[in-house]
2 protein chains.
Amino acid sequence: MEDVNTRKNSGAATTPVRRQGTTKRAASSGSASERRDHLVKLAADLFARKGFQATTVREIAEEAGILSGSLYHHFDSKETIVDEVLTTFLDDLVSRYRAVLDRRDDPRTTLSEMVRVAFGTLEPHRAAITVMQNDWNYLLSLPGDRFAYLVRTEEEVERMWVEQIERGQAIGQLRGDIDTKLTYRMVRDSVWVTVRWFRPGGRLNTAALADHYITVLFDGLATGERA
Amino acid sequence: MEDVNTRKNSGAATTPVRRQGTTKRAASSGSASERRDHLVKLAADLFARKGFQATTVREIAEEAGILSGSLYHHFDSKETIVDEVLTTFLDDLVSRYRAVLDRRDDPRTTLSEMVRVAFGTLEPHRAAITVMQNDWNYLLSLPGDRFAYLVRTEEEVERMWVEQIERGQAIGQLRGDIDTKLTYRMVRDSVWVTVRWFRPGGRLNTAALADHYITVLFDGLATGERA
DNA sequence: AGTCTTTGCGCAATCGCTTGTTCGCGCGAA
DNA sequence: TTCGCGCGAACAAGCGATTGCGCAAAGACT
């Protein structure tokens, strides 16, 4: 029996941020309430552990100490929650990539920094990365084009990477006998897939992962002359 | 409600089943019938597309042109199906790795061949690889230790890889400043994760993928001297 | 060869359970 | 009084799984 008034998360007593104009029914990025943001964060933790489909609204609610129905005062569907997690991630990722490209370094330096950016998003955006790997196909198969921006953004990011690889080949900084698109995919996958086993606070941090990967990516595992 | 007619899957190990081929293998459960094998294949195709959890028994049945209940004449649970898919894959994988190791080549050659083996399983075992990525945690969380062999086998495979990397470092064939375990994980992940976008019959086959990856892995993307 | 019995495998109906979602209600703070 | 936000109960849909039944093919026996 668990009744009584055990409101765990009754915080948020400060500055309710009352913005006018945006009624609670905004398309994707809803109004800004601290309570809501907190719930998204709790949900994201679960998504990071099990993916989107495998996480139930009852689990999210329990994590917040409320009942599942109460979640619907903040979100009009489970999809809305994951939508918010994904857009936040992609916005952050793309803007970080752009910042690197704006520095206009040589291709190898730029690509190294892009690898660092990618690994750098591993900790703050674990949930989104997990979801994109586990539930990509499912989200795209949903009725409506709600998650079509996933494909669009992915294509934009691919263009950024491929352009740098091509530039590197053009000036002889990178070998010309490799497939640019395939190389991009393998780099991307290698980075994102680490969320499966990476845990913050372990033997290695994300910066060390990035350094390790950059070393192997450009110079390879072998010693001596290149083949 | 006890019935004298309880047939279920009691025993069933004494099925003679001659009818051309299909060696009977009494593994964890079930006898070998052609019909059954066919159903496993249909289920595997669905697992390869959506993972295990996301595939329903009704979808599997529909793919076979029967009703979901009829599946239970062949399997006593949905888990049994995926179990069969996974053990078949892991048995094949480990024995292929062993065959490579038995050749006792130098570490670099051995590792190259192991990469080829891994990519070589991509097409015949798409379903298993997809499931291991999507549903690994879920399967391990199931009651009983039914899927504990996943962890055991993974550890065995990791040992194979790490040993070869270490041997390569010991004889100076591979650089000594890289983390062996981390390197193994990145190679493994890079290979398996390609099931997400690889489609047979496309621009590249798995052999080309393997060659490309081996090139980058050992010699890197850069030109000129190593850092 | 003909008959009887067993067996494999499908259907149809249904079970208990979980899923995402809805809704009326009450309560404390603004 | 209004409003944000929780409860509690319920909903339809879908899940994995069970069971009784019928039928056709396969064996077994005379």
Side-chain angles (χ1 to χ4, degrees), chain A residues 1-20 23-25 30-39 43 46 50-83 138 142-143, chain B residues 1-19 30-39 43 46 50-83 138 142-143:
Chain A
M1 306 309 183
E2 24 134 7
D3 51 321
V4 196
N5 285 355
T6 55
R7 283 296 73 73
K8 303 173 162 183
N9 303 30
S10 46
T14 52
T15 61
V17 189
R18 258 223 289 142
R19 303 204 71 187
Q20 257 192 0
T23 48
K24 72 185 296 182
R25 187 52 64 110
S31 67
S33 112
E34 292 178 10
R35 178 64 174 149
R36 180 188 161 105
D37 289 349
H38 180 61
L39 292 172
L46 290 167
K50 326 173 47 179
F52 172 68
Q53 282 189 88
T55 303
T56 71
V57 293
R58 271 166 249 263
E59 287 172 324
I60 300 172
E62 193 185 2
E63 200 74 5
I66 60 179
L67 292 183
S68 69
S70 305
L71 281 177
Y72 289 80
H73 284 282
H74 305 276
F75 313 98
D76 45 15
S77 75
K78 189 183 158 193
E79 287 177 29
T80 304
I81 306 179
V82 80
D83 197 331
Y138 171 73
L142 290 176
Chain B
M1 272 222 233
E2 324 272 332
D3 230 5
V4 263
N5 235 3
T6 159
R7 52 190 152 166
K8 247 190 197 170
N9 264 2
S10 52
T14 59
T15 354
V17 182
R18 295 181 290 146
R19 271 264 150 178
S31 60
S33 90
E34 291 176 13
R35 180 67 174 144
R36 181 190 162 103
D37 288 350
H38 179 62
L39 292 172
L46 290 167
K50 326 174 43 178
F52 172 67
Q53 282 188 86
T55 303
T56 72
V57 294
R58 272 166 250 260
E59 286 173 324
I60 300 172
E62 193 185 1
E63 199 76 5
I66 60 180
L67 293 184
S68 68
S70 306
L71 280 177
Y72 289 82
H73 284 282
H74 305 276
F75 314 97
D76 45 15
S77 74
K78 189 183 156 193
E79 288 176 28
T80 304
I81 306 179
V82 80
D83 197 330
Y138 171 73
L142 290 176

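Side chains are part of it too, since the values below use all heavy atoms of this structure and drop only hydrogens, waters and symmetry mates.
Pairing each heavy atom of A/K78 with each of A/Y72, the nearest pair is N-OH, 4.4 Å.
Here the CG atom belonging to B/D76 is positioned 9.5 Å from the CD1 atom belonging to B/I81, to the nearest 0.5 angstrom. From A/L39, atom CG reaches atom CZ of A/F75 across 5.0 Å, with rounding to the nearest 0.5 Å. Interatomic distance, B/H74 NE2 to B/T80 OG1, rounded to the nearest 0.5 Å: 13.0 Å.
Applying the 4.0 Å criterion to OP1 and OP2 of D/dC7, one finds that A/H73 has every side-chain N and O outside that range. Contact between the side-chain N/O atoms of A/Y72 and the OP1/OP2 oxygens of C/dT21 is found at a separation under 4.0 Å. B/S70 has no side-chain polar atom (N or O) that falls below the 4.0 Å cut-off from OP1 or OP2 of C/dC9. Listed pair B/R35 / C/dG10 meets the phosphate criterion, a side-chain N or O lying under 4.0 Å from OP1 or OP2.
Rounding to whole angstrom units, CG of residue A/D76 and P of D/dC5 are separated by 15 Å. Atom CD1 of A/I66 and atom C1' of C/dG20 are 15 Å apart (whole Å). In this structure, A/H38 places its NE2 atom 14 Å from C1' of D/dC5, rounding to the nearest Å. Computed from coordinates, the B/E79 CD to D/dA17 C1' distance equals 12 Å when rounded to whole Å. With rounding to whole Å, B/F75 atom CZ is found 13 Å from C/dC9 atom C1'. Between the C1' atom of C/dC23 and the CG atom of A/L71 lies a distance of 15 Å, rounded to the nearest Å.
Take B/S70 and apply the side-chain hydrogen bond (donor to acceptor under 3.5 Å, both in side chains) test, not counting sequence neighbours, and it matches no residue.
Comparing the end axes of the helix from C/dA1-D/dT30 to C/dA30-D/dT1, each fitted to five base pairs by superposing C1' atoms of four pairs onto the next four, gives an inter-axis angle of 10° (nearest 10 degrees).
For B/L67, the listed nucleotide lying nearest its side chain is C/dA12; candidates were C/dT21, C/dA12, D/dT18. With distances taken from any side-chain atom of B/S68 to the nucleotides C/dC11, D/dA17, D/dG6, the minimum falls on D/dA17. When each of C/dA12, C/dG10, D/dC5 is scored by its nearest atom to the side-chain atoms of B/H74, the top-ranked nucleotide is C/dG10. For B/K78, the listed nucleotide lying nearest its side chain is D/dG16; candidates were D/dG6, D/dG16, C/dC11.
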For residues 58-65 of chain B, which side-chain N or O atoms pair as donor and acceptor with protein atoms under 3.5 Å away, sequence neighbours left out?
unit_1	atom_1	unit_2	atom_2	d
B/E59	OE1	B/K50	NZ	3.3
B/E59	OE1	B/T56	N	2.9
B/E59	OE2	B/K50	NZ	2.7

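Within residues 51-64 of chain B, the residues that have a heavy atom under 4.0 Å from DNA chain D are, in order of number, B/T55, B/T56, B/V57, B/R58.
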